[in-house]
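Data block below; observations after.
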2 protein chains.
Amino acid sequence: MKEGPDLSRIASLVGDPARANMLSALMSGAALTASELALEGGVGLPTASSHLAKLSEGGLVKVASQGRHRYYALAGSEVATMLEAISGVAASVGPKRARPGPRDSAMREARVCYDHLAGDKGVALFDHLTGSKLIKHAAQDAVLTPRGRAWFAEFGVDVSALERNRRPLCRVCLDWSVRRSHLAGALGAAALDRMFALNWARREADSRVVRFTPKGRAEFDRLIRA
Amino acid sequence: MKEGPDLSRIASLVGDPARANMLSALMSGAALTASELALEGGVGLPTASSHLAKLSEGGLVKVASQGRHRYYALAGSEVATMLEAISGVAASVGPKRARPGPRDSAMREARVCYDHLAGDKGVALFDHLTGSKLIKHAAQDAVLTPRGRAWFAEFGVDVSALERNRRPLCRVCLDWSVRRSHLAGALGAAALDRMFALNWARREADSRVVRFTPKGRAEFDRLIRA
DNA sequence: AACATCATTCGATGATAGTCGAAGTATGCG
DNA sequence: CGCATACTTCGACTATCATCGAATGATGTT
């Protein structure tokens with residue numbers, strides 16, 4: 001009668017609002033404690049604990065005990081990919097919520113999404129890449145053009161090294177705050193790393209917000225207008 | 001308090017076993033009637049109707065009325081991608097079910113998964129492609145090597161034409177029956193089309209089973225041993 | 001040792017949602 | 001027109017599960 005892996009078992013884990021919010025928070029890549037996730041989920045500590053037990057049991061998150069803290073994180077990139085896919089469908093079919101996005105303007109401007117740059121800055125970068133034909137955009141993937149390869153090399157990203165990695169180079173992530181696409185995948189992550197290395201920006205503690213320095217902001221603008 | 005697109009709204013739609021089974025059935029790409037889907041879902045007609053209304057409302061399926069039949073199909077490739085992603089996670093974390101796969105041996109050998117070849121034959125093809133370095137395998141994507149491009153050209157697939165399409169060329173789909181990967185994406189679909197065109201195999205009516213002809217079986221074997 | 005913090009378990013409550021039988025609507029056929 | 005088929009809607013039942021307060025366990029601090 002039934003077949004295949006329990007699609008519904010996994011999906012129903014994400015199907016609860018509290019758990020979905022927790023998982024979204026973990027998309028930043030950071031490991032969070034149960035209390036923090038309770039806040040993110042909008043539920044009390046006991047409830048959160050129960051949810052986390054289920055997520056852990058279901059293999060969606062892994063937990064690392066460190067002293068009296070228990071840090072939860074996504075179990076793997078497969079889980080992150082799945083969440084992105086669900087998010088993509090949700091964004092494409094759901095103009096339901098009138099709310100235009102996160103009320104926090106800093107968060108709206110730039111934040112990490114799993115491990116790459118999202119928000120207005122992320123979208124701006126992506127628009128430049130596609131507009132200048134540095135990448136070719138497909139449904140949920142993208143390919144780097146030769147010119148794009150050179151562009152990234154000049155920016156200081158070793159594309160060849162990334163390609164030796166198992167992770168897909170280009171990937172497109174649909175941004176839930178602005179309903180626009182931005183660059184994910186190994187290249188997206190590398191680009192963000194490079195910006196950190198150049199001191200253009202740094203990550204705010206205990207938050208997904210990426211705070212650009214004045215210099216970084218200027219350099220970034222120059223980069224995507226070149 | 002809550003943010004982002006309703007991840008949970010979409011996920012909970014897939015989170016019900018009956019709905020998940022229906023969606024799985026629709027992964028074959030075929031449009032099915034409400035009665036057929038009731039069977040697939042293992043529920044009564046009224047219940048199925050209610051589920052389908054929800055899926056439709058949620059934007060996961062689209063419906064086409066044709067006479068007194070109503071044909072349901074997945075709303076788009078994004079939905080199929082999402083289901084594959086969820087399926088991937090389910091397979092990777094869920095050694096839960098002892099059942100090794102579909103009991104139907106024909107189905108186990110070869111079947112369509114959305115629109116590409118799955119089952120033992122699909123896995124065999126994929127193994128050959130990776131083993132002979134015709135494609136380079138990453139986490140959930142793959143890239144076609146120059147040699148692979150030539151190989152597909154010889155097989156009769158116009159790769160350049162596919163690349164002009166918006167759909168990602170190479171994609172890896174984790175097979176739930178054998179827990180192995182096979183080729184999806186535009187290239188996977190084109191490969192299957194080509195096999196149909198060559199009369200190597202044909203699709204069985206009202207089923208996901210792909211039935212190889214004796215000649216097709218021999219040619220296929222030769223193809224992946226070359 | 002006593003205390004504070006972080007987290008999980010237990011028990012009770014309440015709401016949501018899946019289920020099906022029966023009746024209603026729509027389409028096709030003779 | 002009348003009957004059959006395909007599907008949906010309605011109504012009532014049931015079960016599952018999210019939620020939180022209180023208590024317990026675990027760890028680190030004073």
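Labels below follow one simple rule: chain letters A, B, ... track the order of the sequence lines, proteins then strands, and each chain is numbered from 1. Keep in mind it's a predicted model, so treat the numbers as computed, not measured.
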Calculate the interatomic distance between [X] atom [atom1] and [N] atom [atom2]; express it in whole Å.
X: B/His69; N: D/dA4; atom1: NE2; atom2: P; value: 17 Å
X: B/Asn21; N: C/dG18; atom1: CG; atom2: P; value: 14 Å
X: B/Leu13; N: C/dA17; atom1: CG; atom2: C1'; value: 12 Å
X: B/Leu55; N: C/dA17; atom1: CG; atom2: C1'; value: 14 Å
X: A/Arg19; N: D/dT19; atom1: CZ; atom2: C1'; value: 12 Å
X: A/Glu57; N: C/dT8; atom1: CD; atom2: C1'; value: 15 Å
X: B/Leu52; N: C/dG18; atom1: CG; atom2: C1'; value: 14 Å

Hey, is the side chain of B/Arg70 poking within less than 4.0 Å of OP1 or OP2 on D/dT8, counting only N and O atoms?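 Yes, because at least one side-chain N or O of B/Arg70 sits under 4.0 Å from OP1 or OP2 of D/dT8.
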Do the non-hydrogen side-chain atoms of A/Leu198 and A/Phe155 ever get within less than 4.5 Å of each other?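 With C-beta onward as the side chain, the pair touches.
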Heavy-atom side-chain proximity of B/Tyr72 to B/Lys62 below 4.5 angstrom: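 A side-chain contact under 4.5 Å is absent here.
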If the test is side chain to side chain contact (heavy atoms under 4.5 Å, CB included), which one of A/Leu55, A/Leu60, A/Leu83 qualifies with A/Leu74?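 So, applying the side chain to side chain contact (heavy atoms under 4.5 Å, CB included) to A/Leu74 and each of A/Leu55, A/Leu60, A/Leu83, only A/Leu83 qualifies.
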Tell me which donor-acceptor pairs under 3.5 Å the side chains of residues 12-20 of chain A have, and how far apart each pair is, sequence neighbours excluded?
residue: A/Ser12; atom: OG; partner: A/Ser8; partner atom: O; Å: 3.0
residue: A/Ser12; atom: OG; partner: A/Arg9; partner atom: O; Å: 3.1
residue: A/Asp16; atom: OD2; partner: A/Ala18; partner atom: N; Å: 3.0
residue: A/Asp16; atom: OD2; partner: A/Arg19; partner atom: N; Å: 3.2
residue: A/Arg19; atom: NE; partner: A/Leu13; partner atom: O; Å: 2.6
residue: A/Arg19; atom: NH1; partner: A/His51; partner atom: ND1; Å: 3.0
residue: A/Arg19; atom: NH2; partner: A/Ser12; partner atom: O; Å: 3.1

Given C/dT8, D/dT9, D/dA18, which nucleotide is nearest the side-chain atoms of B/Ser49?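 Nucleotide nearest to B/Ser49's side chain: D/dT9.
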Considering non-hydrogen atoms only, spot the tightest contact between B/Leu52 and B/Val61 and give its length.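 In terms of heavy atoms, the two residues are closest at O-CG2, 4.3 Å.
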Mind checking A/Tyr72 for me? I need base, sugar-phosphate or nothing, with any heavy atom below 4.0 Å counting as a touch.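 Touches sugar-phosphate only.
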Contact state string [nucleotides 19-30 of chain C, B base, S sugar-phosphate only, - no protein heavy atom under 4.0 Å]: SBBB----BS--
Is a side-chain N or O of A/Thr213 found less than 3.5 angstrom from the main chain of A/Ala201, in a donor-acceptor match?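 Checking the backbone N and O of A/Ala201 against the side chain of A/Thr213, no donor-acceptor pair under 3.5 Å is found.
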